[in-house]
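Below is one structure, written out as structure tokens; comments come after it.
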Amino acid sequence: MIYLLIAAFLWGTSFIAGKIAYDMLDPSLVVAIRYILASIILLPMTFSFMKKKEESFTKKDFILLVILGILTYPLTSMLQFIGLSFTSASSATTIIGIEPVMITIVGFIFFKEKASPIVFLLGIIAFFGVALTVGVSALENVSFFGCFLVFLSTIVVSFWVRLSKKILTKMNSNYYTALTIQLGTLFALPIMLFLVKSWEIHYSLKGIIALLYLVVGCSIGAGWFWNKGLERSEASKSGVFLALEPVFGILLAVLVLGEKLNFLSIIGIILVILSAAICMILPKQES
């Protein structure tokens, strides 16, 4: 479970890094460059996989990898980042907090998986914790279109979390991380570039550092930690940790950007952390 915790932290920091990078590049261009660089860095891992490819890896697995690559990285990021440009950060953050509940619902409806009532309850508590963390400001300056895009991203996340469990039983998480990033980037690149509104680049040291951090920390690092954790846990339980993503983002905003938290925000953070902590204890109790 520690892998999922680290992944949630790294993805949470992407909100701040993305905000800094936007001052240098168009949001869609940030996403495109982020995954192009990550794909290049991971090429040695792909070459290694091609040498060790097992016979059990079929064409259907390859097609599933392509679909997962598009869903996991470019599509999720584009929906969240473009949605964020139309609505407030607090609104988007609140909606992302739905992910734990959405994963359980999607698993129940489309994959016929029976999640423990306790896990489902923890997901709901985590969502309310996120809602309290961002506070009433989430109701201000809300764009329906922007919120709808972010909401769609939670559905996309729910599907790739479920589908990735199937293929992670056949291949190492190191190879899976590299291939999904590269295949997703390759097939989604034309769409990402089409959505770029401005090709102007306003170079800055902060922007370059933020972009590189998005590549190494939030794409390669977070992807590897998440897939490693997903190998060893149930999808419904791992979903609870996604609720920590916006909480980490807000906490870092306080530390880095000097923003302040109110009483409700503090209570919300405690609820989310407790939900994730209980989820970590559950496997031991069940065994």
Go through Leu211 and Val30 one step at a time and tell me if the side-chain contact (heavy atoms from CB on, under 4.5 Å) criterion holds.
CA-CA 7 Å; Leu211 183 59; Val30 168; 4.1 Å; yes

Trace of the side chain to side chain donor-acceptor pair (under 3.5 Å) decision for Tyr213 with Thr13:
CA-CA 9 Å; Tyr213 178 76; Thr13 61; 2.7 Å; yes

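Hydrophobic clustering keeps Ile20 apart from Ile209 (ILVMFWY residues linked when any side-chain heavy atoms are closer than 4.5 Å, directly or through intermediates). Side-chain heavy atoms closer than 4.5 Å link hydrophobic residues (I, L, V, M, F, W, Y) into clusters, and following such links, possibly through other members, connects Ile40 to Tyr35. Residues Ile16 and Ile208 share a hydrophobic cluster, clusters being chains of Ile/Leu/Val/Met/Phe/Trp/Tyr side chains in contact below 4.5 Å. Linking ILVMFWY side-chain heavy atoms closer than 4.5 Å, directly or via other members, places Ile109 and Leu71 in a single hydrophobic cluster.
No side-chain donor-acceptor contact under 3.5 Å links Ser48 to the backbone of Pro44. Judged by distance alone, the side chain of Arg34 and the main-chain N or O of Pro74 form no donor-acceptor pair under 3.5 Å. Side chain of Ser219 to backbone of Leu214: a donor-acceptor contact under 3.5 angstrom is found. Using a distance-only test at 3.5 Å, with no hydrogens or angles considered, a donor-acceptor pair links the side chain of Ser158 to the main chain of Ile103. Distance alone, capped at 3.5 Å, places no donor-acceptor pair between the Gln182 side chain and the Thr46 backbone.
Minimum heavy-atom separation, Leu68 to Thr72: O-OG1, 2.6 Å. What you find for Leu230 and Val161 is that their closest heavy atoms are CD2-O, 3.8 Å.
Considering only heavy atoms from C-beta on, Leu29 stays 4.5 Å or farther from Lys197 through its side chain. The shortest side-chain heavy-atom distance between Met192 and Ser28 does not fall under the 4.5 Å cut-off.
Remark: Phe110 engages Phe159 in a ring-ring contact (aromatic ring centres under 6.0 Å, His included) (not counting sequence neighbours). With sequence neighbours left out, Phe151 forms a ring-ring contact (aromatic ring centres under 6.0 Å, His included) with no residue at all.
When the options Ile181, Ile220, Ile36 are evaluated for a side chain to side chain contact (heavy atoms under 4.5 Å, CB included) with Ile41, the one that passes is Ile220. Each of Trp226, Phe225, Phe248, Tyr73 was compared with Trp11 under the ring pair (Phe, Tyr, Trp, His ring centres under 6.0 Å) criterion, and only Trp226 meets it.
Between Ser198 and Asp26, the side chains place no donor N or O within less than 3.5 Å of an acceptor N or O (distance only, hydrogens not considered).
Counting only residues at least two apart or in different chains, ring-ring contact (aromatic ring centres under 6.0 Å, His included) contacts with residues 167-201 comprise Phe49-Tyr175.
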